[in-house]
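Right, one structure below, let's go through it.
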Amino acid sequence: MYAVQQLIDGVWGAGPDADDLLVLDPADNAEVTRLPEATEAQVAAAVKASRVAAGGWASTPAAARGAALHRVADLLESSAEQLAEAQTAEMGRPIGLARGGVEAGVGTLRQYAELGPVHRGRALSGSPEAIDLMAVQPRGVVAALTPWNDPVAVCCGLLGAALVTGNTVIFKPSERSPVSGWLLARLFAAHLPPGVLSLLTGGARVGAMLAAAEVDVVAHVGSTATGRSIAAACVATGAKPLLENGGSDPLVVDDGVDPVWAAEQAALGAFTNSGQLCVAVERIYVLRAVADEFLSALVRRAESLRVGPGRDERTEIGPLVDRRHRLLVDTQVRAAVADGARVLTGGRVPDGPGAFYPPTVLADCSDEMSVMREETFGPVAPVLVVDSFDEALSRAAHSPYGLSATVLTGSMGHAQQAWRELPVGTVKINNVFGGAPGGAAHPRRGSGQGFGYGPELLDELTATKVVHITAPGGPTGTW
Ligand code: NAD
């Protein structure tokens, strides 16, 4: 059992002890933590403390802010196992994957620790006697509302970028992964002045209060529906929304590729983290010539994956985050079957404790099914056979989301056509995951607004000011 506490104005345990929310281990239903849901007064106190601390933190030299982030990264490195175990306990991910999330978080913190101090404006060329420049300044108070599916890596990026650019942060981690959020906040707070980081716990109600509060940025990584309500709240307050939201990423399998290799890529994309990744493969378009072999290999791969508790080092597929989420996944699968999809493997809620769901392959899917159109966020690979590469691209492009897409092809012409035509932020050719560090894209449509990653995130979290200075008395004036 973890004893999660809030942090307001440099004081841990702010507010009365409460156990409004309960988190269960999705592998065995054991109690992981009980936590308070922040009250309206606590939200107001956190906003006030952040505002008070903002001036001092903004005027702290950027190099000192970067050095603080490096110290947080050191602490995270030495607490890696604790953070990994917490993720596995509260959201079920296999322990190796959880360690990878911590490692990614450390790397991101170190990148922002280095990039922050060299993030700058520029000098302009005006009249020779004038000084003209563009300066970047912190935006002020950032509310960071984060999800549960990769809680350490995502939060390190957002918090690191916001803090190193001189903003104060009110951090509200997901109510499904509060322990990771709390442990992480303790590491940050150890190297920050009081009030620079606050931690509030709770669910949608607390998030909505923060989104409607007098903050300067609401940075939300989470579902599209939540992102839309946050954007609406920001219209009323004038805060800037920064939204990294859901996806329904397509995978296109061209003819001519090795169908067994393509199936391995598909399984990796659809089943890693039990499909609970924003860039998980959510729908597959396969060319008829390779479809039969591809489907057989995908079923073989799905059935070979070892499903079990995340804390077992041999586990490849852990449970879903909780039973509420499992019901959503299963409901989409059942609806697809009712509309004519064929279950080739999986597709059935198993007996026993926890929130397990088997890797599932569905054939004969159609565009209208919610498994193809919406984000399923579960280990489900729905497949639709197509007759041409053009048809595959056109169906892949037809989506309310626009996060990323993968194309498996041996044709450079098709690769070029795909990256130019697909209306998404990221296109990957012949590799479902991967890419160079520092990549940042604009998500399209329901997938969000603004750069959520890379050096460009520093631009999002700062405001640029144009400055023009001349001496008093006109062009010949002196100081
Ligand atoms: P979510 O939107 O339900 O929750 C995210 C955060 O928002 C939580 O802290 C939550 O308490 C808060 N929240 C919920 N309702 C709110 C409201 N009405 N107002 C303000 N805040 C509110 O998302 P989730 O279920 O935690 O996360 C899964 C989603 O996150 C998936 O859709 C996934 O694709 C997305 N995601 C996107 C990225 C990306 O980079 N694009 C990365 C990771 C996850």
Side-chain angles (χ1 to χ4, degrees), residues 20-21 23 35 37-38 43 90-91 93 101 104-105 108 143-159 161 170-178 180-182 185 199-213 215 218-234 236-237 239 241-249 272-282 320-322 324-325 328-329 374-378 399-404 424-426 439-454 457 460:
D20 305 314
L21 298 170
V23 178
L35 64 145
E37 177 138 85
V43 171
E90 64 190 352
M91 54 77 62
R93 68 189 336 208
T108 312
L145 308 174
T146 56
W148 48 266
N149 65 313
D150 191 2
V152 176
V154 167
C155 298
C156 281
L158 204 50
L159 266 54
I170 305 171
F171 175 31
K172 213 261 337 133
S174 169
E175 61 278 24
R176 282 162 154 162
S177 59
S180 309
W182 165 67
L199 176 75
L200 295 178
T201 58
R205 202 176 59 82
V206 179
M209 281 194 279
L210 270 170
V215 299
V218 184
H220 171 248
V221 185
S223 70
T224 297
T226 303
R228 289 197 168 127
S229 75
I230 286 172
C234 287
T237 62
L242 179 61
L243 305 174
E244 301 303 317
N245 293 155
S248 174
D249 285 8
T272 300
N273 209 32
S274 298
Q276 302 166 121
L277 290 175
C278 56
V279 290
V281 166
E282 293 270 339
L320 292 171
V321 66
D322 56 26
R324 182 161 57 96
H325 184 56
L328 288 179
V329 172
E374 289 306 323
E375 184 180 49
T376 305
F377 229 53
S399 169
Y401 299 94
L403 195 58
S404 75
V424 296
T426 301
H442 281 132
R444 315 265 178 105
R445 299 177 177 159
S447 292
Q449 300 173 18
F451 289 109
Y453 303 91
L457 178 55
E460 299 283 0

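Ligands are counted one by one from 1 in listed order, and the atoms in each one are counted from 1 as well. Counting begins at 1 with the first residue of the sequence.
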Which parts of the protein, at residue level, reach under 4.0 Å of ligand 1 through a heavy atom?
L145, T146, P147, W148, N149, K172, P173, S174, E175, G203, A204, G207, A208, H220, V221, G222, S223, T226, S229, I230, E244, N245, G246, C278, E375, F377, L403, Y453
Side chains of P443 and E244: closer than 4.5 Å at any heavy-atom pair?
yes
Listed by chain and number, what are the salt bridge (Lys or Arg N to Asp or Glu O under 4.0 Å) partners of E37, not counting sequence neighbours?
R205
Nearest 0.5 Å, please: how far is CG in N149 from CG in L320?
12.0 Å
Quick check: do E374 and Y401 have side-chain heavy atoms less than 4.5 Å from each other?
yes
Donor-acceptor pair, distance only, cut-off 3.5 Å: does the side chain of R176 make one with the backbone of M91?
no
Keeping the roles fixed (side chain from Q276, backbone from F377), state whether a donor-acceptor pair exists under 3.5 Å.
no
